[in-house]
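Comments concern the structure below.
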Amino acid sequence: MIDGKSERGDHPVERRKLRQWVLKITAYAERLLEGHKDLEWPESSIRLQKNWIGRSTGAEVQFRLEGHDEILCVYTTRPDTLFGATYMVLSPEHPLVDKLTLPEQLGDIENYKAEAAKKSDLERTDLAKDKTGVFTGSFAINPINGAKVPIWVADYVVMSYGTGAIMAVPAHDERDFEFATAMNIPIQQVIEDDAASAKNESTQLPFCGTGTMVNSDEYTGLSSSEGQAKVIANLESRDLGSASVQYKLRDWLFSRQRYWGEPFPVTWVSKQAYEKALAAEDSPFREFAPEEPITFEEEGEVRYALPVPANQLPLELPEVESYEPVGTGESPLAGVSDWLDVWLNVETGATLASTDAKPEGNQWVSGTRETNTMPQWAGSCWYYLRYCDPKNPNNVIDPKVSEYWGVPDIYIGGAEHVNLHLLYARFWHQVLFDAGVTTSPEPFPKLLHQGMILGEMEFTLYSGAEGNPVSSDTVENAKNFTQKSLSESEVEKVGDSWVLKENTAIKIDARSHKMSKSRGNAVNPDKLISSFGADATRLFLMFLGPIEDMKPWNTKGIEGVSRFLRRLWREVVTEEGQINSKLKDEHETNKALEKLLHETIKKVTEDIERLNFNTVVSQLMILLNQMVKVESYSKDTVRVFLQLLNPMAPHISEELWKRLDGTVSISDTPWPWFDESKLVADEVKIVLQVNGKHRGELMVSVDASKEDVEALALNQERVQNSIEGKTVRKVIYVPGRILNVVAI
RNA sequence: GCCUGGAUGGCGGAAUUGGUAGACGCGCCGGACUCAAAAUCCGGUUCCUUCGGGAGUGAGGGUUCGACCCCCUCUCCAGGUACCA
């Protein structure tokens, strides 16, 4: 939406009350938080969901109203600041606003409400700079000390959180402080900042932390946390409040006013029809009927939501000529009258189009189908279960099948899904778990966010109106300058910045951008595959860097992995298509190569487990480089190499495997194992340091003692030179790694 | 504003437990092969250097025999989020 108009088509946008369906995700808020502890997810993603669910603890406090019988209930996380409540605020939509508005304030309040209604939620928060509000003329009584506090209406309080009303404590809340200052409302300090007091300073208001209570009668001197408990206890004893937990999470609006999407399996009927449908013991309607009927009033008549019985499912969308809106804000389905209006048999559930004549018998009643449809989440929240049992006509998934397959081992997806899909799917899964459909409590035990691949590095030169080049660090708004993209040969790096070669005073903007159509920097994988093959393309994507990182693309880099694969091919197959004669039938005899092979098995196995694919590729390159260097090696060594490569480059590894007399497919062979004993060398390299500085290295046998190594080290010329004229104070020896001589 | 990541050669990155910083690859430089090119192979490639060394992982400080790694302060970049009482 831009300036009150839709971005597409420029239509005016307005808010309208609509009948909607919501899923009660708030009932699972606690479960969704609780479940986090068993998830192997990035810390930051768990934190994101936690913040989104937004659990807070505090108290509901009841304020009596002067001259009214109603009670004004507010939610606060800081009952310890109750003595500092110098005014109250109602959200403009709060139901008590009209009642509390005195006649002389009526005009102002009405105007203010109208203004607030015009603003979208976004605008209301966008215009957060200056606080606005209007006094109602009424007062509330503070339950803790009987003080009379004025009641205001302001849009910085929203109806959808807590009770839609607050007690305002300007001394200890930034927003209230801002508002009170603007409206000239008294500010009463009731908490002291302990850190400031310790330094003999006075508390800087607004002070929003916890501290020591002051100006609070018998509570003065208590810590915030003690005070909170005592204030709540006091209120509870007088039935004027109670401890309370609130969530930011709202119930989930699950209906859409469009054609596409699963229609809600509900028929709206009269009260008589509804009761009749549920009366019979064996009624097919009973299975899905809610405990309390769901109703709404339409043109003075109350309509009852009768669930479509199982024998009528699935309810499918009607074939229609047009998906155009009907103009009322309802779904296009509301215009498909031969689908919309039905004759319903309240005993059997049978449903006929209303274009047919009404069948005989008083068990047939008229009904109207629900026209809202479901959002795409209706499918995306459980597909991973359904994939395991896609043809099951009776259930989402057979619980036995669910138990066999379990849930996805790992979910790889963007972080933008954390507060949408991943939260929604967890909710659905928990509901299905409670219903006994699935046997695992959580759908995605392990989560990984892959990083985005950016376009190639671009060098951009900015020029002013006269075509004069401008240094990029002086450019604040790029739109005011002409941009020219430069090739790498026109720029060079000086210090930390990229500059123009011909004028090194001009800095160049050098960065990678998101791949996008508009920028034209997208890379077509089909082209890569046709030039380099699918194996090289896969391998390069993995070689680029850590999977979670955002990385710039560099098409030239694919040459490297392509060469690696071609070199491997040449190692195994000669130009004539024969197996290379350097590959021997006997077991590996080259000790050094065998050691490297086992190191590679270990590293590849562990790195795949950790999803460190880039280092898997590096390690395989190291091994191949060594194989190329030596004169000959065993076919077994190549076979293991191919097995390790197989998950990364399945085609070439399978082909070479077959050429090495592989009878079964390489992917059916067991993963190679490494022999710990093959990893230990007879000799190890010890790095020699003097005062932490590298001063040479030494090969010693693995079981050399500290004394032996020390003696050898002190014999080295470079070591001697470094300690000349100094006294050796200490020698630190890390077996197999390092010997550090500390000399002063 | 707040929260979360991150910063290492010309570039992508490696260093998994505090123990040789720059693995592996790209690019670049030099050479071999070739009539030539492609392909391939060999050598070099952090910076400075008086060739002994010295400096170096965004900046500054600290802990340690030893710090890319731990602690403090700051800068920049990326992502998320915002009247939630």
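What's counted below: heavy atoms across the whole structure, side chains too, no hydrogens, waters or symmetry copies. Because the structure is predicted, anything quoted here is derived from the model rather than measured. So that the names make sense, note that chain A is the first sequence line, chain B the second, and so on, each numbered from 1.
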Touch class at under 4.0 angstrom, heavy-atom based, for [X] against every strand present:
X	result
T163(A)	nothing
N51(A)	nothing
R610(A)	base
Q689(A)	base
R695(A)	sugar-phosphate
V687(A)	base
D173(A)	nothing
E697(A)	base

Distance in angstrom units between [X] [atom1] and [N] [atom2], rounded:
X	N	atom1	atom2	value
K551(A)	A78(B)	NZ	P	18 Å
N419(A)	G80(B)	CG	C1'	9 Å
D509(A)	C77(B)	CG	P	11 Å
H694(A)	G54(B)	NE2	C1'	15 Å
I622(A)	A14(B)	CD1	P	13 Å
R563(A)	C42(B)	CZ	P	12 Å
F613(A)	A23(B)	CZ	P	24 Å
M550(A)	G6(B)	CE	P	14 Å

When both hydrogen-bonding distances must be under 3.5 Å and the geometry is Watson-Crick or G-U wobble, what is [N] paired with, if anything?
N	value
G27(B)	U45(B)
U81(B)	G1(B)
U75(B)	A7(B)
G22(B)	none
C70(B)	G62(B)
U50(B)	none

Between [X] and [Y], does any side-chain N to carboxylate O distance fall below 4.0 Å?
X	Y	answer
D607(A)	R610(A)	yes
K595(A)	E599(A)	yes
R570(A)	E575(A)	no
E93(A)	K113(A)	no
R78(A)	D80(A)	yes

Would you say [X] places a side-chain N or O within less than 4.0 Å of OP1 or OP2 belonging to [N]?
X	N	value
R567(A)	C41(B)	yes
T615(A)	G13(B)	no
N740(A)	G19(B)	no

Nearest-nucleotide pick for [X], side chain only, options being [options]:
X	options	result
N614(A)	C26(B), C83(B), G13(B)	G13(B)
W498(A)	G25(B), C11(B), G19(B)	C11(B)
V157(A)	A85(B), G12(B), G5(B)	A85(B)
I738(A)	C83(B), U20(B), A14(B)	U20(B)
K685(A)	G27(B), U20(B), C24(B)	U20(B)

Taking atom [atom1] in both [N] and [M], what distance in whole Å separates the two?
N	M	atom1	result
G18(B)	G66(B)	C1'	8 Å
G52(B)	U63(B)	C1'	32 Å
U8(B)	G56(B)	C1'	10 Å
G43(B)	C24(B)	P	12 Å
G13(B)	C68(B)	C1'	14 Å
A15(B)	G6(B)	P	14 Å
G44(B)	C26(B)	P	15 Å
G22(B)	G58(B)	P	16 Å

Check your understanding: Want to settle it: does V734(A) or M457(A) sit nearer the 5' end of RNA chain B, counting the closest nucleotide to each?
Key ->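 Its nearest nucleotide being more 5', the pick is M457(A).
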**Study point:** Check: C11(B) base within 3.5 Å donor-acceptor of K556(A) side chain
**Key:**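 Donor-acceptor pair under 3.5 Å: no.
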Practice item. May I ask you to test the Y161(A)-S56(A) pair for a side-chain heavy-atom distance under 4.5 Å? Key: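 Of all side-chain heavy-atom pairs linking S56(A) with Y161(A), at least one is under 4.5 Å.
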**Study point:** Flag side-chain contact, heavy atom, 4.5 Å: Y87(A) against F179(A)
**Key:**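 They are in contact (side-chain heavy atoms under 4.5 Å apart), so the answer is yes.
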Point to revise | Chi class for G9(B): syn within 90° of 0, otherwise anti | key: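 Syn, since the glycosidic angle lies within 90° of 0.
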Review point. Under a 90° cut-off about 0 for the syn range, is G44(B) syn or anti?
Key: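 The base of G44(B) is oriented anti (glycosidic angle more than 90° from 0).
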Exercise for review: Mind telling me whether F641(A) and F564(A) have parallel, tilted or perpendicular rings, with 30° and 60° as the class edges?
Suggested key: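 Ring orientation of F564(A) relative to F641(A): tilted.
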